[in-house]
Asker: 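Quick one: this structure, given as structure tokens, is what I'll be asking you about.
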Amino acid sequence: MNLESTLTSLVAEAVKNLYNFEAELSQIQIQKTKKEFSGDLTVVTFPFVKAARKSPEQAGQQIGEYLIQNNRIISDFNVIKGFLNLNISKSYWLARLNEIHANPAYGTASEAGNRGLMMIEYSSPNTNKPLHLGHIRNNLLGFSIAEIQKANGWEVVKTNIVNDRGIHICKSMLAWKLFGNGETPQSSGLKGDHLVGKYYVVFDKAYKAETKELMEKGMSEEEAKKSAPLIMQAQQMLLAWENNDPEVRQLWETMNGWVYEGFDKTYKQLGVDFDKIYYESETYLEGKSEVERGVELGVFNRRPDTSVWADLTAEGLDEKLLLRADGTSVYMTQDIGTAKLRYNDYPINKMVYVVGNEQNYHFQVLSILLDKLGFEWGKSLVHFSYGMVELPEGKMKSREGTVVDADDLMEEMIETARETSQELGKLDNCTPEEVEAIVRMVGLGSLKYFILKVDPRKNMTFNPKESIDFNGNTGPFIQYTHARIKSVLRKAAEMGIGFGKLENPAIDISEKESYLVQLATGFPSIVREAGDEFSPALIANYIYDLVKEYNQFYHDFSILKEENPDVRQFRLVLSETIATIIKTGMGLLGIDVPERM
RNA sequence: GGUCCUGUAGUUCAAUGGAUAGAACAAGUGUUUCCUAAACACUAGAUCCGGGUUCGAUUCCCGGCGGGACUACCA
């Protein structure tokens, strides 16, 4: 039983005995004492003053006295208005520190997978262009949430649905065929996804030129866009693809293959991975047959022009198209099919989609449609919706070339980390391999932390210059603290100073130190909360707090020179504990922490 | 028009309904015989507006105003 719940029942008991009042557990609020006040934990006594018929101060005083008489953990208390501040005994904190220190998996669930199977879809790229900054947020959030849910006892299947078919890839294919001169990743030296993306841009330019020309001949913009030769050829290509035209299929396989090679490198650099990849080309037919089934069930209806619609006006939404008049499927159709296949493949207890908030409506509809089709899990799917990433100059627009490319950005972050550590002479004693590994961890850590510390729902501004900062609430600041602690511990080992279980409960530790232990004891509940709320930001900000507190206390403190061996041992144990929490916590964010830097 | 998200220092971000709304960046000044100064300390500045619920509201509810997304026979 943890301290909070012990105290909660104690307070309930106190209130009952003192005032003959049966408090509900939710009325008893235990919180960390604010830094400016003396004490470790605070009981809010406002809810009891009515029943007690006492002033808040008197009630606090009485409850405090009761607690101190009936419990050895509490050593002292003070009352300010309706707040009863409790001091927890030092020996309690020492005992807790021993417990935490002895558990290398501290903060993560002891039994893996006992809560069921959670499938988490994230990334979900189109194959016509490389990944950009927006995908980075998606990938980092998806991966981190998966790690956090694992730590909370879920079995997790990470999945990716690749949009490998459709008009977009046909545009790239057509442009490559017409203007590519047989260029390949090998011949051009371009990464595969970048090469295919290049031809997507080529298409767009040529297409624009065509529509402009048509408009100059007096055609309306809408008409011109529809009848430009290039777009018509692309549509024909899509049709040929659906009809299994061997030549088109061959080109499609080749170009998608290039893209996958490129994506693999990006994913690897970013440190994310998947357990199962679905391809839309393999799932979209399933969606069509599900929609047909819906028509037979009478939950969808077919119009005279043979297109199929779902009427969602009863749910306060509009009507939604599911199959076009020509029988081809739309995005929604495919998602229905993919969902069904997934549930056939895995015994899923919870399905999570990590997809941007521009698709909130889509998932609202998907949930209802699956429910209408009779899937009992339809209603309970989770759309983990996150906000857009904007640049200081505004939104990213591919047309205006303001998109930040994922590969370039990662490379830039690593280079900056390299330059900074060179300037500071930090890595002079390291081998080239070590340097490489460290600057990579730091550069990527900086990027990842910057993105994950923000509430996912909010749109965020990414400033490439400011993000490459190594001070303040940043990844490198946390990594640095970890490295520094490790350095002290190495030194201790060299000096032959051992430290294990703390035996002497009588040593005098300061308020600050017991506060640090207290913060450390809060780690598991933070992990749990982050799981419940799907919030990596919670963990990020907790670790920053911990690190900041630790630095304030130890920045000029010579642990190894401490004369009293018991105190020295305590500080080493505390430091190592904090290093472990940093490592575990950052691990949940997908961020590596170096042993030295 | 409709649905959903969002509004906190100059900027980027915090705050289970609780105490004097926290950090960081940016500016200035200090602190290294020491384990790593990529650090630490000190100095100013903010809850969009109006109601309601409550002992108590940045938080919950209602109404404005501002920002964003969606509302495609695109994916």
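Side chains included, hydrogens not; waters and symmetry mates left out as well; all remaining heavy atoms used.
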Asker: Check for me whether A:R303 meets the cation-pi criterion with A:W309, that is, NZ or CZ under 6.0 Å from the six-membered ring centre and within 45 degrees of the ring axis.
Answerer: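 Verdict for A:W309: a cation-pi partner in A:R303.
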Asker: Categorize A:Q31 for me: base, sugar-phosphate, or nothing, with a 4.0 angstrom heavy-atom threshold over every strand shown.
Answerer: base
Asker: Can you give one letter per nucleotide of nucleotides 70-75 of chain B, going 5' to 3': B for a protein heavy atom under 4.0 Å from the base, S for sugar-phosphate only, - for none?
Answerer: SS-BSB
Asker: How would you list all residue pairs meeting salt bridge (charged side-chain N to carboxylate O under 4.0 Å, His left out) that involve residues 524-549 of chain A, not counting sequence neighbours?
Answerer: A:K35-A:E549, A:K512-A:E549
Asker: Just list the side-chain donor-acceptor pairs under 3.5 Å for residues 485-494 of chain A, sequence neighbours left out, or say none.
Answerer:
from: A:R490; atom 1: NH1; to: A:E595; atom 2: O; distance (Å): 3.3

Asker: Using a strict cut-off of less than 4.0 Å between a Lys/Arg side-chain nitrogen and an Asp/Glu carboxylate oxygen, indicate whether A:K225 and A:E222 qualify as a salt bridge.
Answerer: no
Asker: Using a heavy-atom cut-off of 4.0 Å across all strands, would you classify A:T481 as base, sugar-phosphate, or nothing?
Answerer: nothing
Asker: So, does A:R457 get its side chain near the phosphate of B:U6, meaning an N or O under 4.0 Å from OP1 or OP2?
Answerer: yes
Asker: Between B:C35, B:G7, B:A19, which one does the side chain of A:K491 approach most closely?
Answerer: B:C35
Asker: Which part of the nucleic acid, if any, lies within reach of A:A483 when heavy atoms closer than 4.0 Å are counted: base, sugar-phosphate only, or nothing?
Answerer: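 Contact class for A:A483: base.
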Asker: What is the separation between atom CE on A:M388 and atom P on B:G67, rounded to the nearest whole Å?
Answerer: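 Rounded to whole Å, this separation is 19 Å.
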Asker: Is there a donor and acceptor pair, one atom on the side chain of A:T42 and one on the base of B:A19, closer than 3.5 Å?
Answerer: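 Side chain to base: pair found, below 3.5 Å.
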Asker: Taking any heavy-atom pair under 4.0 Å as a contact, classify A:Y480: base, sugar-phosphate, or nothing.
Answerer: base
Asker: Assign A:N85 to base, sugar-phosphate, or nothing according to its heavy-atom contacts below 4.0 angstrom with the strands shown.
Answerer: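 It contacts base atoms.
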Asker: Which atoms of nucleotides 20-23 of chain B (N or O only) lie under 3.5 Å from a protein N or O atom, and what are those distances?
Answerer:
from: B:A23; atom 1: O2'; to: A:Y544; atom 2: OH; distance (Å): 3.0

Asker: Could you measure between the two P atoms, the one in B:A15 and the one in B:U59, and give it in whole Å?
Answerer: 14 Å
Asker: Quick check: do A:V404 and A:L391 have side-chain heavy atoms less than 4.5 Å from each other?
Answerer: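 Yes, their side chains come closer than 4.5 Å.
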Asker: Near RNA chain B, which residues from residues 23-30 of chain A have a heavy atom under 4.0 Å away?
Answerer: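 Contacting residues: A:Q29.
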Asker: Please determine if a side-chain N or O atom of A:Q552 lies less than 4.0 Å away from the OP1 or OP2 oxygen of B:A41.
Answerer: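 The answer is yes; a side-chain N or O of A:Q552 sits under 4.0 Å from OP1 or OP2.
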Asker: For nucleotides 43-49 of chain B, print each protein N/O atom paired with a nucleotide N/O atom at under 3.5 Å, atom names and distance only.
Answerer:
none

Asker: Just how far, in rounded Å, is P of B:C5 from CE of A:M460?
Answerer: 21 Å
Asker: Using atom C1' in both nucleotides, what's the gap between B:U29 and B:G67 to the nearest angstrom?
Answerer: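 It works out to 39 Å between them.
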Asker: If I pick the P atom on B:G63 and the same atom on B:C25, what distance separates them, to the nearest angstrom?
Answerer: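 Those two atoms are separated by 41 Å.
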Asker: Could you check how far NE2 of A:H555 sits from P of B:U32, rounded to whole Å?
Answerer: 10 Å
Asker: Pick the C1' atom in B:G18 and in B:G28, then give their distance to the nearest Å.
Answerer: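 After rounding to an integer number of Å, I get 36 Å for this pair.
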Asker: Paired stems touching RNA chain B, three or more consecutive Watson-Crick or G-U pairs with both distances under 3.5 Å?
Answerer: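 Only these stems qualify: B:1-7 with B:65-71, B:10-13 with B:22-25, B:27-31 with B:39-43, B:48-52 with B:60-64.
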Asker: Quick one: is the NZ or CZ of A:R165 closer than 6.0 Å to the six-membered ring centre of A:Y284, and within 45° of its axis?
Answerer: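 Yes, a cation-pi geometry.
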Asker: Only pairs at least two apart or in different chains count here, so list each salt bridge (charged side-chain N to carboxylate O under 4.0 Å, His left out) that has a residue in residues 45-61 of chain A.
Answerer: none
Asker: Partners of A:Y278 by side chain to side chain donor-acceptor pair (under 3.5 Å), sequence neighbours excluded?
Answerer: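 Here the qualifying residues are A:D345.
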Asker: Tell me the interatomic distance from A:E315, atom CD, to B:C4, atom P, rounded to whole angstroms.
Answerer: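 About 14 Å, once rounded to whole Å.
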Asker: For atom C1', what is the distance between B:G30 and B:C35, given to the nearest Å?
Answerer: 23 Å
Asker: Roughly how many Å apart are B:C49 and B:G66, using the C1' atom of each and rounding to a whole number?
Answerer: 11 Å
Asker: Could you state the CG-P distance from A:L538 to B:C13, rounded to the nearest angstrom?
Answerer: 17 Å
Asker: According to the interplanar angle, ranging from 0 to 90°, do the rings of A:W241 and A:W252 count as parallel (below 30°), tilted (30 to 60°) or perpendicular (above 60°)?
Answerer: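 The rings of A:W241 and A:W252 stand perpendicular, inter-plane angle above 60°.
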Asker: CG of A:N541 versus P of B:A15: gap in Å, rounded?
Answerer: 7 Å
Asker: Kindly confirm whether the side-chain ring of A:F46 is stacked on the base of B:G56, judged by centres under 5.5 Å and planes under 30°.
Answerer: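 So no, this residue does not stack on that base, at least one cut-off failing.
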Asker: Quote, to the nearest angstrom, the C1' distance that separates B:G50 from B:G68.
Answerer: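 Per the computed distance, 24 Å lies between those C1' atoms.
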Asker: May I have all residue pairs that pass ring-ring contact (aromatic ring centres under 6.0 Å, His included) and include part of residues 535-554 of chain A, sequence neighbours excluded?
Answerer: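 Residue pairs with at least one partner in residues 535-554 of chain A: A:F477-A:Y544, A:F523-A:Y542, A:Y550-A:Y554, A:F553-A:F557, A:Y554-A:F557.
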Asker: Going by side-chain contact (heavy atoms from CB on, under 4.5 Å), A:F203 matches just one of A:Y207, A:Y199, A:Y200. Which one?
Answerer: A:Y207
Asker: Please work out whether B:U32 sits syn or anti, treating a glycosidic angle within 90° of 0 as syn.
Answerer: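 What B:U32 shows is a syn base, its glycosidic angle lying within 90° of 0.
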Asker: Salt bridge or not for A:K32 and A:E4, using N-O below 4.0 Å?
Answerer: no
Asker: Which whole number of Å gives the distance between the C1' atom of B:C4 and that of B:C42?
Answerer: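 About 46 Å, rounded to a whole number of Å.
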Asker: For A:K453 and B:C25, give me the distance from atom NZ to atom C1', rounded to whole Å.
Answerer: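 It works out to 9 Å between those atoms.
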Asker: What residue pairs, at least two apart or across chains, pass salt bridge (charged side-chain N to carboxylate O under 4.0 Å, His left out) with a residue in residues 438-461 of chain A?
Answerer: A:D455-A:R457
Asker: Classify the nucleic acid contact of A:T328 as base, sugar-phosphate or nothing, counting any heavy atom under 4.0 Å across all strands shown.
Answerer: nothing
Asker: Of the nucleotides B:C34, B:C55, B:A14, which one has an atom closest to the side chain of A:K50?
Answerer: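 Taking heavy atoms from C-beta onward, the closest nucleotide is B:C55.
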Asker: With sequence neighbours excluded, tell me which residues meet salt bridge (charged side-chain N to carboxylate O under 4.0 Å, His left out) with A:D371.
Answerer: A:K379
